[in-house]
2 protein chains.
Amino acid sequence: MNIGNASELSGLPVKTIRYYEEIDLVKPARAENGYRFYSKDDVLYLNFLNRARKLGFSVSECRLLLSLYNDTERSSSEVKTLALQKVETIEAKILELTSMKNMLSKLAQSCHGDNRPDCPILDEIAGKATI
Amino acid sequence: MNIGNASELSGLPVKTIRYYEEIDLVKPARAENGYRFYSKDDVLYLNFLNRARKLGFSVSECRLLLSLYNDTERSSSEVKTLALQKVETIEAKILELTSMKNMLSKLAQSCHGDNRPDCPILDEIAGKATI
DNA sequence: ATAAAGCCTCCAGTAACTGGAAGGTCAAGC
DNA sequence: GCTTGACCTTCCAGTTACTGGAGGCTTTAT
């Protein structure tokens, strides 16, 4: 099938699919007219990539997952380790964001938020601690 | 003071400070030998930027905050609105990451993680739901 | 005098796409 | 047979916020 079709079936934008070819993730055959031709397996890979990306894996991690997927000799522990590492980094990001959120909420609460210019948020960011 | 000194006082890497000049965030004077010369105010601004970035504001939001900081006519509500919007986007990110984390944890739990090749994580990512 | 540290500019690279220009191809309708 | 529009191609540039490195001054310390 052509790239537009593959895009619909995989849920990935056409541009992204071309990009994945460029970086050697999914390399389709070519028709005589030069159009990319995607096999069912190609579409499966594109779907795989779409899901893995949504799970938070980077493109290079996806590359690894894809090679593991195609490696019938793989050990499942390898994949599990990757997944658990990713869980950890996600947890770390959540903690960081939570602390940012708490800071900002506290700052926002301390600001009266009216037409007057004095603003504890800016004061605090500037280092003139007022809270 | 020179850029190295400004870097120490603000906590920003030298490269970053040069970058902030390039994008017209903090433009220092120049000494006769061509070296950047940072005033106390400049360092205050760099500190401000460092903190605002750590709070999750983008560089362009920082630009706005900095102009508000220097605008004695500002209304504090403007700043408060920005802060609350940022809290919302951070919350959204946290939710997204949490759902990613839950998915991945569930997948990892379902995988025996030994030397055998069969792996529910890969199967699930590929769309062959087995959970 | 010389070596190390610090400064300068400019160029390139990162992650993962996204947008747009210029142009070839294909299917449908008249 | 011709046109129109959708779809495809390549290539180039832009996004975010830096970061690294090369090549080359200037300053400081020994």
Side-chain angles (χ1 to χ4, degrees), chain A residues 1-39 42-43 45-66 86 89-90 93 96-97 100, chain B residues 1-39 42-43 45-66 86 89-90 93 96-97 100:
Chain A
M1 71 190 72
N2 286 344
I3 196 169
N5 215 196
S7 166
E8 271 179 47
L9 289 182
S10 66
L12 289 172
V14 166
K15 278 277 190 186
T16 302
I17 298 180
R18 288 207 192 95
Y19 173 69
Y20 285 169
E21 184 194 16
E22 193 185 321
I23 62 172
D24 296 335
L25 263 186
V26 177
K27 305 183 81 171
R30 292 288 178 139
E32 286 204 346
N33 57 11
Y35 286 17
R36 289 168 181 81
F37 184 84
Y38 288 87
S39 69
D42 289 335
V43 172
Y45 299 148
L46 291 174
N47 249 306
F48 186 100
L49 288 169
N50 194 10
R51 289 160 191 253
R53 293 286 294 123
K54 281 187 182 148
L55 283 172
F57 289 101
S58 72
V59 165
S60 73
E61 285 164 340
C62 288
R63 194 186 300 275
L64 178 53
L65 285 173
L66 210 47
K86 186 50 65 174
T89 66
I90 292 174
K93 264 188 208 162
E96 199 193 332
L97 285 175
M100 275 169 37
Chain B
M1 71 190 71
N2 285 345
I3 196 170
N5 215 196
S7 168
E8 271 179 49
L9 288 182
S10 66
L12 288 171
V14 166
K15 279 276 189 185
T16 301
I17 298 179
R18 289 206 192 97
Y19 173 69
Y20 285 168
E21 183 194 17
E22 193 186 322
I23 62 173
D24 297 335
L25 264 186
V26 177
K27 305 182 80 172
R30 293 286 179 140
E32 287 204 345
N33 58 9
Y35 285 19
R36 289 167 181 81
F37 183 85
Y38 287 88
S39 69
D42 289 335
V43 172
Y45 298 148
L46 291 175
N47 249 307
F48 186 100
L49 288 169
N50 194 11
R51 289 159 190 253
R53 293 287 295 122
K54 281 187 183 147
L55 284 172
F57 289 102
S58 71
V59 165
S60 74
E61 285 164 338
C62 288
R63 194 186 299 276
L64 177 53
L65 285 173
L66 210 47
K86 186 51 64 178
T89 66
I90 292 174
K93 263 187 209 163
E96 201 193 331
L97 286 174
M100 277 168 36

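Letters A, B, ... are given to chains in the order of the sequence lines, protein chains preceding strands, and every chain is numbered from 1.
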Taking side-chain hydrogen bond (donor to acceptor under 3.5 Å, both in side chains) as the definition, give me every residue that meets it alongside B/Y20, ordered by chain and number, with sequence neighbours left out. none

How far does CG of B/N2 sit from CZ of B/R36, to the nearest 0.5 angstrom? 10.5 Å

Over how many whole Å does the gap from A/L25 atom CG to C/dA16 atom P extend? 10 Å

OG of A/S10 to CZ of A/F48: how many Å apart, nearest 0.5 Å? 14.0 Å

Taken to the nearest whole Å, CD1/B/I3 to C1'/C/dT9 is 12 Å

Take the protein atom CZ of A/F57 and the nucleotide atom P of C/dA16, then report the distance between them rounded to whole Å. 13 Å

Round to a whole Å and report the spacing from NZ of A/K54 to P of C/dA16. 16 Å

In Å, rounded to the nearest 0.5 Å, how long is the span from CZ of B/R18 to CD1 of B/I23? 15.0 Å

Pull out every stem in DNA chain D, meaning runs of 3 or more consecutive Watson-Crick or G-U wobble pairs with both distances under 3.5 Å. C:1-30 with D:1-30

I need the OH-C1' distance between B/Y38 and C/dC8, as an integer number of Å. 12 Å

To the nearest angstrom, how far is A/E22 atom CD from D/dC11 atom C1'? 10 Å

Under a 4.0 Å heavy-atom criterion, the protein footprint on nucleotides 18-30 of chain D, written with B, S and -, is BSBB----BS---

Considering every strand and a 4.0 Å limit on heavy-atom distances, what is the contact class for B/I23: base, sugar-phosphate, or nothing? nothing

Looking across every strand, which nucleic acid part, if any, lies under 4.0 Å from B/R36 by heavy atom: base, sugar-phosphate, or nothing? sugar-phosphate

Is the side chain of A/R51 donor-acceptor paired with the backbone N or O of A/L55 at a distance under 3.5 Å, no angle test? no

Measure the spacing between CG of B/L25 and CG of B/L46 and express it to the nearest 0.5 Å. 9.0 Å

Respond yes when some side-chain nitrogen or oxygen of A/R18 is under 4.0 Å from OP1 or OP2 of C/dG19, and no when none is. no

Rounded to the nearest 0.5 Å, how far apart are CE of B/M100 and NZ of B/K93? 12.0 Å

From CA spacing to verdict: salt bridge (charged side-chain N to carboxylate O under 4.0 Å, His left out), B/E21, B/R30: CA-CA 12 Å; B/E21 183 194 17; B/R30 293 286 179 140; 3.1 Å; yes

Could you tell me the separation between the CG atom of B/L12 and the P atom of D/dA17, rounded to a whole number of Å? 14 Å

Please state how far atom CD in A/E21 lies from atom P in C/dA16, giving the value in whole angstrom units. 18 Å

B/D42 side-chain N/O to B/S39 backbone N/O, donor-acceptor pair under 3.5 Å: yes

